[in-house]
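Here the structure is laid out as structure tokens; the discussion comes afterwards.
We number each residue from 1, following the sequence as shown.
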Amino acid sequence: MTVRHIIFPAAAAILMAVVMQSCFTGVESTPRITERDITRRNVVVSAEEKFLSDIHPQMPSHWMSGKKFYVTDNRISLIFTPGVNGATQNVPDSLAGTLLNLDNVAYGTGVTGADEVRLTFTDHAGRKLVYLPGISRKSFAADSAFQIPFTVDMDIVRNVSRRLSGNTYWLLTPRRFHEDGHESAGLRYVPVTIMDVVPGNDVNPLRVRFTEKDAADTLSVFITVGSGRRATRNFNKLFSFANPRDRYPAITDKTWNDIMHSQISTGMTPDECRLALGAPDEYLHIPTTAGMVERWTYGDGTYLFFEDGVLARFRR
């Protein structure tokens with residue numbers, strides 16, 4: 001027998017032994033631990049994330065007569081059914097910026113024969129408006145996410161305003177809105193004092209009004225609350241309880257000044273660039289003859305290239 005014939009049976013026997021062993025040890029069913037799994041296990045919830053987490057919409061089953069909703073869009077006229085149970089025959093098409101007062105929550109037989117919800121409101125001119133959402137009594141009572149389209153719950157506005165008004169926080173974003181609605185850019189990581197909270201829009205329901213040191217205008221940012229898929233601009237994304245500068249003692253004063261002005265320059269680290277511009281929309285690791293290059297891309301067309309852990313070049 002040749003050496004070749006001896007090796008192959010031996011190799012096959014070893015392979016069979018490994019396979020059989022795995023069948024009895026359960027190794028083959030052990031789930032692979034990914035980087036995402038590790039990240040989830042090490043999530044630390046900040047104080048800013050917890051701050052407004054207890055403020056959430058009231059269960060519809062607890063709604064009482066007199067509850068108020070701010071109208072964000074004139075399209076709300078499309079949800080009302082004219083002439084039902086004393087409702088106005090001509091639904092107004094200019095309700096944006098006004099308040100609706102909930103008169104009552106009633107139930108009636110729907111087209112399917114089920115007991116369905118009927119909501120009656122009074123608008124700012126005293127007109128009766130009826131909304132038939134087409135859901136059953138049971139679903140209405142149990143659905144904590146139920147909302148009146150194109151409105152902001154004024155209870156949420158008042159609760160958040162009580163929590164924020166009069167306090168000073170550090171603003172993390174350069175975006176500001178003026179009282180006339182136009183947007184401008186300012187400094188990041190500066191202290192601001194909250195004046196009050198008013199209704200926002202259909203996407204970001206709360207508008208936080210504040211004053212900034214040495215600034216004459218009243219400015220504002222839009223925020224969300226809760227934990228749903230629409231809660232993309234919660235308090236922790238826009239404000240910090242403490243001066244962020246204190247967390248980065250290794251960053252020089254000159255570099256921090258650039259960061260506050262949303263400016264970047266070659267030689268900055270990824271952390272410094274993230275502080276200056278925010279997280280990128282996309283990042284890639286690109287192998288090159290000189291080594292691995294990291295590229296960050298932003299939605300406005302800005303891109304950054306990092307080599308050896310520092311910013312090598314960029315375009316804005």
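- Pairing each heavy atom of L311 with each of F305, the nearest pair is CD1-O, 3.5 Å.
- Transitive grouping of hydrophobic side chains (ILVMFWY, heavy atoms separated by less than 4.5 Å) brings V117 and I76 into a common cluster.
- A continuous path of ILVMFWY side-chain contacts below 4.5 Å connects I194 to I156, so both sit in one hydrophobic cluster.
- Taking the side chain as every heavy atom from C-beta outward, R163 and V160 never approach each other to under 4.5 Å.
- The distance between the ring centers of Y189 and W256 falls below 6.0 angstrom.
- Looking at D258 and I264, their side chains never come closer than 4.5 Å, going by heavy atoms from C-beta outward.
- In this structure, F235 has its ring center closer than 6.0 angstrom to the ring center of Y169.
- Counting only distance, with no hydrogens or angles, the side chain of D143 and the backbone of S139 share no donor-acceptor pair below 3.5 Å.
- Closest heavy-atom contact between H124 and R127: CE1-NH2, 3.7 Å.
- Atom CG of L119 sits about 11.0 Å away from atom CG of L100, to the nearest 0.5 Å.
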Inset, instruction - Begin from the C-alpha positions of T193 and T168 and carry the test side chain to side chain donor-acceptor pair (under 3.5 Å) through to its verdict. - result: CA-CA 4 Å; T193 299; T168 297; 3.1 Å; yes
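- Listed here is the closest heavy atom pair of N101 and G66: OD1-O, 3.4 Å.
- Side-chain atoms of D281 and T297, non-hydrogen and from C-beta on, never get closer than 4.5 Å to each other.
- For N201 (side chain) and V203 (main-chain N/O), a donor-acceptor pair under 3.5 Å exists by modelled atom type.
- Contact record, P287 with H285: CD-O, 3.8 Å, taken as the closest heavy-atom pair.
- A donor-acceptor contact shorter than 3.5 Å links the side chain of D123 to the backbone of A125.
- Heavy atoms of other residues, nucleotides or ligands lying less than 6.0 angstrom from CG of D300 number more than 12.
- Formation of a donor-acceptor pair under 3.5 Å by the T224 side chain with backbone atoms of R233 is found in this model.
- Formation of a donor-acceptor pair under 3.5 Å by the T269 side chain with backbone atoms of E272 is found in this model.
- The shortest heavy-atom contact between P205 and V152 is O-CG1, 3.5 Å.
- Screening N104, L129, V105, N85 against T120 for a side-chain contact (heavy atoms from CB on, under 4.5 Å) leaves a single residue, N104.
- The main-chain N or O of G200 is never found under 3.5 Å from a side-chain atom of N204 such that the two would form a donor-acceptor pair.
- One distance of note links CZ of R207 with CD1 of I223; it measures 12.5 Å at 0.5 Å rounding.
- For the pair L164 and V208, the minimum side-chain heavy-atom distance is below 4.5 Å.
- When side chains are defined from C-beta on, F177 does not count as touching V221, because their heavy atoms never get closer than 4.5 Å.
- In terms of modelled atom types and a separation under 3.5 Å, the side chain of S161 and the main chain of R158 share no donor-acceptor contact.
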Legend entry - D253 and R245: CA distance, side-chain angles, deciding distance, salt bridge (charged side-chain N to carboxylate O under 4.0 Å, His left out) verdict: CA-CA 9 Å; D253 290 340; R245 176 72 174 103; 2.8 Å; yes
Inset, instruction - Given side-chain contact (heavy atoms from CB on, under 4.5 Å), test R295 with E282 step by step and report yes or no. - result: CA-CA 8 Å; R295 187 184 74 184; E282 178 186 68; 4.0 Å; yes
Legend entry - Steps toward side-chain contact (heavy atoms from CB on, under 4.5 Å) verdict (V310, M268): CA-CA 5 Å; V310 296; M268 290 178 71; over 6 Å; no
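- S65 places a side-chain N or O within donor-acceptor distance of the main-chain N or O of D103, the cut-off being under 3.5 Å.
- Using a 4.5 Å heavy-atom cutoff, the side chains of V197 and F210 are not in contact.
- In this structure, S262 OG and L275 CG are separated by 10.5 Å, a value rounded to the nearest 0.5 Å.
- In summary, the aromatic rings of F241 and F51 are positioned with their centroids under 6.0 Å apart.
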Legend entry - Worked verdict on K237 versus E48 for salt bridge (charged side-chain N to carboxylate O under 4.0 Å, His left out): CA-CA 9 Å; K237 299 290 183 65; E48 288 83 357; over 6 Å; no
Inset, instruction - Apply side-chain contact (heavy atoms from CB on, under 4.5 Å) to the pair F150 and L78, showing each step before the final yes or no. - result: CA-CA 10 Å; F150 310 116; L78 300 175; 6.0 Å; no
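- Taking the six-membered ring where tryptophan is involved, the planes of H178 and H182 are essentially parallel, since the angle between them stays under 30° and well short of 60°.
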Legend entry - Residues K67, D153; criterion salt bridge (charged side-chain N to carboxylate O under 4.0 Å, His left out); working and verdict: CA-CA 8 Å; K67 185 177 179 64; D153 185 337; 3.0 Å; yes
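- With a 6.0 Å radius and a threshold of 12 heavy atoms from other residues, nucleotides or ligands, R229 has its CZ atom at or below the threshold.
- For the residue pair S144 and P57, the shortest heavy atom distance occurs at O-CB, 4.4 Å.
- The number of heavy atoms from other shown groups lying within 6.0 Å of OH (Y283) does not exceed 12.
- Interatomic distance, OG of S46 versus CD of E49, reported as 3.5 Å (0.5 Å rounding).
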Legend entry - salt bridge (charged side-chain N to carboxylate O under 4.0 Å, His left out) evaluation trace for R175 with E183: CA-CA 7 Å; R175 299 180 63 188; E183 181 182 353; 2.7 Å; yes
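- With contacts defined as side-chain heavy-atom distances shorter than 4.5 Å, the pair V198/R209 qualifies.
- With a 4.5 Å cut-off on side-chain heavy atoms, V225 and L206 count as touching.
- L102 and V71 fall within the same hydrophobic cluster, defined by Ile, Leu, Val, Met, Phe, Trp and Tyr side-chain heavy atoms under 4.5 Å apart, directly or through other members.
- Sparse packing is recorded around CG of D308, with 12 or fewer heavy atoms of other residues, nucleotides or ligands lying under 6.0 Å away.
- Side-chain atoms of T255 do not come within 3.5 Å of backbone N or O of T252 as any donor-acceptor pair.
- Here the side chain of N234 pairs a donor or acceptor atom with the backbone of G226 at under 3.5 angstrom.
- The CH2 atom of W170 lies 7.5 Å from the CG atom of D246; values are rounded to the nearest 0.5 Å.
- Ring-plane geometry between F121 and F69 is classed as perpendicular, the angle between the planes exceeding 60 degrees on a 0 to 90 degree scale with a lower cut at 30.
- The CZ atom of R188 sits 9.5 Å away from atom CG of L171, with the distance rounded to the nearest 0.5 Å.
- Checked against a 6.0 Å centroid threshold, the rings of F306 and W296 count as neighbours.
- Taking the ring centre of Y303 as origin, the terminal cationic atom of R315 falls outside the region bounded by 6.0 Å and 45° from the ring axis.
- Residues F146 and F140 place their aromatic rings such that the two centres sit under 6.0 Å apart.
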